Amino acid sequence: MQQIALLGATGSIGTSALDVIARHPDRYSVAALTCAHNVRKLASLAKEWRPAVVAVAHKENWAALKEAMHEVNVTGVEMLAGAEAIASIAESRAVDTVLQAVVGAAGLEPTFRAAAAGKRILLANKESVVCGGETLMQLARTRGAKILPVDSEHNAVFQCLEGCDAAARANVRLWLTCSGGPFHAHPETDLESVTPERALAHPTWSMGRKISIDSATLMNKGLEVIEAHHLFGVPGERIGVVIHPQSVVHSMVEYADGSVLAQLASTDMRLPIAYCLGYPERLEAGVRKLDFASAMNLTFTPPDTARFPQLALAYEALAMGGTGTIVLNAANEVGVQAFLAGKIGFCDIARLCRAMLEKADGTAAATLEAILEADREARRSAADWVREKTAARGA
Ligand code: NAD
Ligand code: MG
């Protein structure tokens, strides 16, 4: 039995993960479940899964968690609260596998602690790779941790690189596919005035709010370029992005001879989750099979970085190195939150990212502490930018 800690259990990925785990009760046991705020959902999951421990990210939510657990009549489950509690679950001896589905840089510390403890890490939280970079990858290597990518594009690349030796890998080019988000197919849309509601309506994937906005700005693909660079050791110049609105090809690897290997499947995150869970075995995950007996059109076009500048900013941040990608990620998180709260416009997210990146100097951040400090500093500066913008709007 593999003992699994599911961080971010109440979210979109968390829900898909539990669906896959439920199909294989003979192989997986849920040892821990965590979330940020939704204590009622966490308590009902605890009733269903009977983990040894549940945790909420904020200490002030502990009493609410206790009450929610009492309401559903669950006893014998340890209840913890605070960021440190979640990080300690990630490194716990009682856990073999950490399914990291927290959203944002809040996932950094648990990912580092799981890596330091040599865990098998099923990684959906791309922000921890974007910020952790080579420091995280190096830590995982030295401690024998295995990072398996849940992000569908990286999972596709991972599958297409199977059996590829180091020499062949040194020359590959990666093509990350991108649905284009809700606005790609609507060039008439005035992006300056789009509402959060419209930006959240993704055409092919149903996901959490933050990644849905990232998909609308193409920042998601930008973060994924950086993520791919670190996970697979391929330089940014050899990572391309291609708009593929059908979301059937999940990404591609081009080899030196010109062969391109692609992974195709329906748009269902249970597939990459199951691939990581079972790896190297393949598990049934309830995923609808592609129907090649019916007509299917697959199209590929280049992205429009003038309309969606955040994708270009990600390449710039990657080239800058050091704190560049940490600053970009933090500015984006603050910007997305401010946009969702109605404080800034959709295009302001990119303006904020550019302004913060222009101030960044790419100094090295080679320890977790340095990374966390760069993240905090960038958030402070981004919050100031939002305040000034909001004040100017009100004036
Ligand atoms: P979500 O918003 O649906 O869920 C996020 C989870 O993280 C929730 O359980 C929430 O309670 C928890 N959380 C939020 N803030 C936290 C904090 N400060 N500390 C601890 N826990 C916290 O998000 P999601 O769509 O499931 O995405 C999760 C991660 O997976 C993101 O990094 C996202 O980029 C990545 N991802 C998601 C998808 C998808 O299809 N949803 C696909 C690829 C990658
Ligand atoms: Mg993805």
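The figures that follow rest on heavy atoms only: side chains count, while hydrogens, waters and symmetry mates do not. Note that ligands are numbered from 1 as they come in the structure, with each ligand's atoms numbered from 1 the same way. These numbers come from a predicted model, not from an experiment.
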Taking just the N, O or S atoms of [X], which one is nearest to the Mg ion (ligand 2)?
| X | answer |
| --- | --- |
| Asp151 | OD1 |
| Glu153 | OE1 |
| Glu224 | OE2 |

Amino acids in close contact with ligand 1, where any non-hydrogen atom sits under 4.0 angstrom away:
Gly8, Ala9, Thr10, Gly11, Ser12, Ile13, Cys35, Ala36, Ala57, Ile86, Ala101, Val102, Val103, Ala106, Ala124, Asn125, Lys126, Glu127, Asp151, Met207, Gly208, Ile211, Met269
With sequence neighbours excluded, residues passing ring pair (Phe, Tyr, Trp, His ring centres under 6.0 Å) with Phe158
Tyr279
Is there a donor-acceptor contact under 3.5 Å from the side chain of Glu333 to the main chain of Ala105?
yes
Would the distance check show the side chain of His244 and the main-chain N or O of Val249 forming a donor-acceptor pair, the cut-off being under 3.5 Å?
yes
Would you please classify the geometry between the His154 ring and the Phe232 ring as parallel, tilted or perpendicular, with 30° and 60° separating the classes?
parallel
Verify the neighbour count for atom CD of Glu197: are there more than 12 heavy atoms of other residues, nucleotides or ligands below 6.0 Å?
no
State, with a plain yes or no, whether a side-chain heavy atom of Phe112 is found less than 4.5 Å away from one of Ile371.
yes
With a 4.5 Å limit on heavy-atom distance, are the side chains of Thr325 and Cys131 in contact?
no
